[in-house]
Amino acid sequence: MPGSDPETSSQSSSPSSSEASSPAHEPVTDLSDLPPAWSRRRALTWPGVPLLAALALWVYAVRHTDVSRLDDYGLVTALHPTFWAGLVVLTAGFWCTVRDPRRPGAWAAAYVLGLLVMERATQAVVYPTPLYAWAWKHEAVIDHLLTAGGLQTADQVGDMAVYDQWPGFFAAQAALVRLLGVESAAMFMAWWPLVSCLMLLLPLLLIYRTFTEDRRLIWTAVWLFYVANWVGQDYFSPQSVAYALHVGVLAVVLRRFGRTAVRRGRPRQAVWTVVLTVMITAIVISHQLTPGMLVVCLLALGLSRRYRDWVPVVTTVVIFLAWCLTAALPFLSAAMPDMIRSVGDVGANVETGYGATPTGTGAIATSWAARLLSGSVLLLAAVGVLRQRVLRHRARPLLLVAAAPLPMFAASSYGSEMIFRVLLFMLPGAAFFAAAAILPKVRTLAADAAAQEAGGRPAAPAKRRRRRLVAWVPPAALLVGTLAFVPSYSGKDRINYFPPQEVALVRQLFDQAPEGSLVVAANRNYPHAYASYWSIDHYWFLDDARSHVDRIVRDPAATLASDMAGIERPARAYFLLTQGQFANSEMNGQLTKAQLDRIRTSVDASPRFRLVAENGAGWLYELKQAGGAER
């Protein structure tokens with residue numbers, strides 16, 4: 001491979017006499033030891049049959065999937081059965097295709113793209129509106145940039161100023177909105193999960209090709225990476241782009257900053273340093289956590305003799321500190337005491353808080369599906385490390401990168417999400433070794449030659465039967481993992497999906513709310529929850545202390561009216577209750593449906609509130625102002 005480190009690359013040529021004596025330089029097979037099952041012509045064309053069949057089943061499934069009534073299992077139970085059949089056909093076709101070394105690598109790439117379409121495009125097709133309240137929040141930040149024409153301080157926009165202190169993603173998206181001539185980012189953000197996953201494909205391939213030339217291992221690792229990436233950070237967010245850049249930086253460092261690569265191409269290192277600087281700067285100005293993860297990964301690489309070039313890690317630290325001490329200083333100054341207290345408190349850092357505990361059969365089942373999926377991939381990765389001695393040596397830098405995020409558990413809770421972020425940043429390395437666990441054992445060319453010379457007696461019938469039985473285990477594991485992705489990733493869509501009626505109701509609120517108005521809701525799980533945050537105040541009472549929440553449950557109308565008092569004309573105080581708030585509160589163990597119904601009924605019956613609008617997805621009330629005529 002041009003430009004790759006010979007200490008980490010797999011070679012398919014015969015070793016020289018000097019290399020053969022050194023295990024560190026001994027080339028390995030490309031795992032192409034399976035006999036071809038088809039003629040050359042059939043080998044080239046046959047993989048297209050299951051791929052096209054799977055995509056046809058997917059098209060039929062999305063056209064016949066009804067998401068109007070989601071239960072606590074989210075999209076899992078709403079999907080038409082042909083979707084699951086399509087996933088089975090796709091996985092089986094991929095496994096048969098990728099195992100045959102005679103088939104072009106383009107077929108494996110086509111199957112991975114098919115997987116991404118079925119995994120990440122399904123929601124964009126079956127749901128008429130974008131998912132996830134945080135995506136809608138980011139759309140509001142972009143709208144603010146377009147409206148304000150620049151960044152603002154905490155004195156102007158309050159807590160939301162944190163987004164102006166890491167504006168990279170939002171500024172780029174604001175420019176994209178202007179370039180495309182669309183009304184807002186909501187016009188395309190439903191497709192962002194597919195886009196962000198496609199951004200990861202090239203750097204993943206570059207990383208894996210650094211350590212092996214075997215197409216089976218490379219593409220199986222890519223498949224497992226996407227299957228195990230259920231964490232959900234591919235949505236319309238700064239994290240999605242920062243993570244893709246993070247993986248891209250690792251690809252450049254692993255391929256161009258190894259000891260031998262530096263010796264071979266010193267004049268070109270300046271070019272790659274500039275490329276790294278641009279990518280690192282984009283990460284630092286876009287996201288708070290990713291630069292820290294990148295620093296620990298690059299430091300881990302420094303533990304390997306192959307990567308003693310400290311330019312990447314020094315560049316990252318300098319740019320990160322420069323940003324923290326300038327643009328991000330206002331936020332960090334306020335948050336630093338809490339950040340210092342969380343250092344070393346691993347138990348609290350991985351503990352979920354109130355309102356983040358899955359409640360109900362569906363929520364618990366999908367939560368366990370996600371845990372088991374991640375646990376299985378990590379277990380397979382451990383098996384791969386133990387089983388594949390050659391890869392354990394060759395890909396040791398990738399193993400270090402996979403383990404590097406673990407200490408971040410002791411650094412911060414990151415809003416009770418640190419465990420998910422650590423899993424995400426471990427995944428590129430974990431997927432590689434997990435793939436190695438389900439593929440044939442890697443052998444050196446010398447070991448191959450010795451085995452052929454030694455010959456050996458044919459295996460006994462019982463042993464051959466055991467081998468045939470064991471041969472079904474890897475494809476079965478791949479299929480189970482692929483199917484488990486759906487509940488892990490889409491099992492909470494009852495929370496994340498906002499029907500058009502809910503979007504219309506909230507939009508009506510912000511279209512009529514005068515500047516300085518107050519919007520009160522149970523929680524922030526509804527579309528446009530941060531719309532006009534620079535001119536309208538928001539209050540979510542489930543964020544309050546539990547004692548105050550209990551007071552609202554006991555006497556809803558009177559307590560809410562007291563909380564909403566003090567708004568003077570022309571501003572107004574509104575109470576909003578929607579389907580998304582019900583779903584989030586019920587499935588995360590906050591308030592039950594009966595309690596929320598009681599709050600709504602009390603407000604509806606109170607003479608202090610007036611019903612402004614309602615539809616099948618929610619209700620909007622206005623607090624009547626004393627001494628003024630009703631509108």
Side-chain angles (χ1 to χ4, degrees), residues 10 12 29-61 81-119 201 204-205 208-209 212-228 373 376-377 380 383-384 387-388 431-443 464-486:
S10 299
S12 57
T29 64
D30 64 356
L31 297 182
S32 59
D33 51 340
L34 292 179
W38 308 90
S39 67
R40 181 171 180 81
R41 179 175 296 180
R42 295 179 69 188
L44 291 175
T45 60
W46 179 85
V49 176
L51 176 60
L52 292 176
L55 292 177
L57 289 169
W58 174 76
V59 170
Y60 183 87
T82 52
F83 177 88
W84 302 98
L87 266 187
V88 172
V89 172
L90 186 78
T91 308
F94 169 79
W95 181 254
C96 294
T97 299
V98 80
R99 279 174 61 86
D100 191 338
R102 285 191 149 193
R103 289 176 182 147
W107 279 119
Y111 271 94
V112 168
L113 293 176
L115 175 71
L116 291 181
V117 168
M118 295 187 70
E119 280 187 345
L201 185 55
L204 283 174
L205 291 174
Y208 296 152
R209 281 181 58 84
T212 182
E213 290 180 353
D214 171 43
R215 292 200 302 267
R216 289 188 295 176
L217 181 53
I218 291 169
W219 287 107
T220 304
V222 170
W223 184 282
L224 284 175
F225 173 87
Y226 285 125
V227 163
L373 177 56
S376 299
V377 171
L380 279 175
V383 171
R387 177 172 175 262
Q388 301 278 19
F432 180 82
F433 285 100
I438 63 175
L439 288 171
K441 203 168 185 178
V442 175
R443 298 189 299 271
R464 288 200 298 268
R465 285 194 297 270
R466 284 197 299 271
R467 286 179 178 175
R468 285 196 295 268
L469 181 62
V470 171
W472 284 99
V473 174
L478 194 70
L479 177 60
V480 170
T482 303
L483 295 176
F485 170 85
V486 180

CA sep, side-chain torsions, deciding dist, call: V383, F433, side-chain contact (heavy atoms from CB on, under 4.5 Å): CA-CA 8 Å; V383 171; F433 285 100; over 6 Å; no
Identify the two heavy atoms, one from R209 and one from I218, that lie closest to each other, and give their separation to 0.1 Å. CG-CD1, 3.4 Å
CH2 on W84 to OG1 on T482, rounded to 0.5 Å: 11.0 Å
Given the options L52, T82, V88, L87, L57 meets side chain to side chain contact (heavy atoms under 4.5 Å, CB included) only with T82
Would you name the heavy atoms of L51 and A110 that are closest together and state the gap between them? CD2-CB, 3.7 Å
Hey, does L113 have a side-chain heavy atom less than 4.5 Å from the side chain of L201? yes
So, Y111 side chain and W223 main chain: donor-acceptor pair closer than 3.5 Å or not? no
Which atom of L90 lies closest to which atom of G114, heavy atoms considered: CD2-C, 4.0 Å
Here the pair of heavy atoms bringing P47 nearest to T97 is CB-OG1, 3.4 Å
Looking only at heavy atoms, what is the nearest atom pair of A53 and V89, with distance? CB-CG1, 4.3 Å
Would you confirm whether Q388, through its side chain, and P440, through its main-chain N or O, come within 3.5 Å as a donor-acceptor pair? yes
Does the side chain of L224 reach to within under 4.5 Å of the side chain of L478, using non-hydrogen atoms? yes
Donor-acceptor pair, Y208 side chain versus W219 backbone, under 3.5 Å? no
Considering the options T220, L204, V377, which one meets the side chain to side chain contact (heavy atoms under 4.5 Å, CB included) requirement together with F225? L204
Compare every heavy atom of Y226 with every heavy atom of E119, then report the nearest pair and how far apart it is. OE1-O, 3.6 Å
Is a side-chain N or O of R387 found less than 3.5 angstrom from the main chain of A436, in a donor-acceptor match? yes
Just how far is it from atom CZ of F94 to atom CG of L115, taken to the nearest 0.5 Å? 8.5 Å
